[in-house]
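Naming convention: chains lettered A, B, ... in sequence-line order (proteins, then strands); numbering from 1 in each chain. Basis for what follows: all heavy atoms, side chains included, without hydrogens, waters or symmetry-related copies.
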Number of protein chains: 2
Amino acid sequence: MAIPRAAKTQRRTRIQEEKEEQILEAALDVFSARGFRGSTIDQIAEVAGMSKPNLLYYFRTKEAMHRALIDRVLYTWLEPLRAFNAEGNPETEIRSYIRRKLELARDFPRESRLFANEVLQGAPHIEDELKGPLKQLVDEKAEVIRAWAKAGKIAKCDPYHLIFSIWSTTQHYADFDVQVRAVLGQEHAGAGRFEDAARFLEQLFIGGLMVRPA
Amino acid sequence: MAIPRAAKTQRRTRIQEEKEEQILEAALDVFSARGFRGSTIDQIAEVAGMSKPNLLYYFRTKEAMHRALIDRVLYTWLEPLRAFNAEGNPETEIRSYIRRKLELARDFPRESRLFANEVLQGAPHIEDELKGPLKQLVDEKAEVIRAWAKAGKIAKCDPYHLIFSIWSTTQHYADFDVQVRAVLGQEHAGAGRFEDAARFLEQLFIGGLMVRPA
DNA sequence: AGATAATTTGACCGATTGGTAAACATTACA
DNA sequence: TGTAATGTTTACCAATCGGTCAAATTATCT
């Protein structure tokens with residue numbers, strides 16, 4: 001009897017591990033490029049290089065693949081915000097948060113687009129995560145920023161909208177990549193655009209937030 | 001003989017005008033919420049309150065509806081950037097550009113999401129518009145900003161990334177609305193969030209870009 | 001009113017969708 | 001090596017997809 005996903009045997013076999021990896025890799029490709037509803041199991045199967053029923057042996061439904069992907073990616077994606085350190089120097093912390101988010105956009109654009117697609121379409125599958133863990137984490141870090149402002153270490157500002165603006169500006173380079181490339185043109189759309197973006201964003205945020213000596 | 005879309009009679013009838021409007025309104029609802037591939041003609045028909053063949057009488061294909069929508073919305077969407085005035089005061093111009101973009105995000109979130117969905121999925125239908133008219137307009141305005149920086153009216157910065165950052169921060173409130181609401185929670189997710197965002201963004205950009213008297 | 005053109009609809013089409021059943025092949029382990 | 005568990009495939013299903021067609025209905029104009 002074939003029992004998928006190690007329901008009977010506690011340990012996952014080597015094949016299970018490999019194939020699930022292979023499937024999620026393909027699913028990330030397809031889901032991030034076409035959104036959940038726009039993606040088909042056949043497409044994922046083709047990218048993964050295996051038959052559709054074989055995919056469905058490891059993940060019983062299309063939803064299950066998506067769910068597994070979201071779960072896996074969510075943790076990684078919030079890592080930079082988690083690393084935001086209350087004890088650290090505000091300027092350094094903000095600077096490196098921007099850097100880290102920009103690096104994620106550069107190195108993991110598919111993951112960024114997976115979330116963007118999801119949120120854009122009303123977050124039907126991740127609403128709980130947004131209102132739960134995400135909100136908690138942001139609340140916590142917003143409090144840190146508020147404390148910095150109160151202590152006069154940075155300018156007074158709304159910490160939530162500050163976080164939103166760092167999210168949006170950095171993820172823009174992953175989510176709207178084609179637009180960025182189209183506007184920059186071939187000359188300036190090379191790999192250097194991330195370095196240019198980093199320079200600009202640091203200038204913007206540091207210049208806009210740091211209290212200047214009178 | 002029924003000839004759709006006024007191929008024979010030059011003038012469009014009253015019914016044609018009304019029905020096409022009705023269809024595009026429904027199509028905007030559906031396309032913006034689910035993306036092109038994730039939307040179905042049946043869904044649009046249901047929202048529009050008419051039968052599927054009736055829709056296809058006015059727009060021969062799903063692509064035609066999408067195309068018509070994009071064409072109609074593109075002009076409106078670039079209006080704020082077009083209004084960007086080289087002769088004006090830099091601070092005032094940037095401030096009102098942010099305001100205008102934020103108002104669009106507040107008043108026309110579906111239009112914003114329509115584009116976001118399209119660009120996010122590789123802009124398969126609007127690549128030409130991005131590389132043509134959009135790039136030209138941005139190039140033109142970037143030159144204005146560059147001139148301001150050269151004249152010492154604002155801080156030296158990359159004008160393209162400045163425009164990108166205004167786009168991303170403002171459209172974030174339309175495209176990622178569910179996330180913004182989830183994070184802000186019920187208390188702060190009310191109508192006032194756009195005013196809060198405007199205040200923060202103006203502070204950020206003006207503070208980050210204006211040259212401060214030494 | 002009557003004729004003609006414009007509009008609307010139900011029935012239908014082939015292709016594709018997510019998913020299943022069962023036979024077949026392979027692996028792991030005694 | 002034998003056998004039971006695991007993994008893979010072919011053939012298929014009902015539902016839905018984008019789109020067509022011809023017939024029926026409504027609007028327009030003389």
Heavy-atom protein contacts under 4.0 Å, nucleotides 12-28 of chain C, coded B base, S sugar-phosphate only, - none: -----SBBB-------S
Is [X] close enough to [N] that one of its side-chain N or O atoms is under 4.0 Å from OP1 or OP2 there?
| X | N | value |
| --- | --- | --- |
| Y57(B) | dT8(C) | no |
| K19(B) | dA6(C) | no |
| Q16(B) | dA6(C) | no |
| S51(A) | dT8(D) | no |

Can you check the [X] [atom1] to [N] [atom2] distance for me, whole Å?
| X | N | atom1 | atom2 | result |
| --- | --- | --- | --- | --- |
| I44(B) | dC17(D) | CD1 | P | 11 Å |
| M50(B) | dT26(D) | CE | P | 15 Å |
| E20(B) | dT8(C) | CD | P | 11 Å |
| L55(A) | dT10(D) | CG | C1' | 16 Å |
| N54(B) | dA23(D) | CG | P | 19 Å |

Answer whether the closest heavy-atom distance between the side chains of H161(B) and D196(A) falls below 4.5 Å.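 Yes, side chains in contact.
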Is there a side-chain contact between H66(A) and K62(A) (heavy atoms, below 4.5 Å)?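 They are not in side-chain contact.
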For a quick test of your reading: what N or O donor-acceptor pairs under 3.5 Å do the side chains of residues 40-49 of chain A make, sequence neighbours left out?
| from | atom 1 | to | atom 2 | distance (Å) |
| --- | --- | --- | --- | --- |
| T40(A) | OG1 | Q43(A) | N | 3.1 |
| Q43(A) | OE1 | T40(A) | N | 3.2 |

Counting neighbours of CD on E129(A) that are heavy atoms of other residues, nucleotides or ligands and sit closer than 6.0 Å, is the number greater than 12?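 For E129(A), atom CD is crowded (more than 12 foreign heavy atoms under 6.0 Å).
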Do other residues, nucleotides or ligands put more than 12 heavy atoms under 6.0 Å from H188(B) NE2?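 Incorrect, the count does not exceed 12.
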Sequence-distant partners of E25(A), side chain to side chain donor-acceptor pair (under 3.5 Å), two or more places apart: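 If we apply the side chain to side chain donor-acceptor pair (under 3.5 Å) test to E25(A), skipping adjacent residues, the hits are R110(A).
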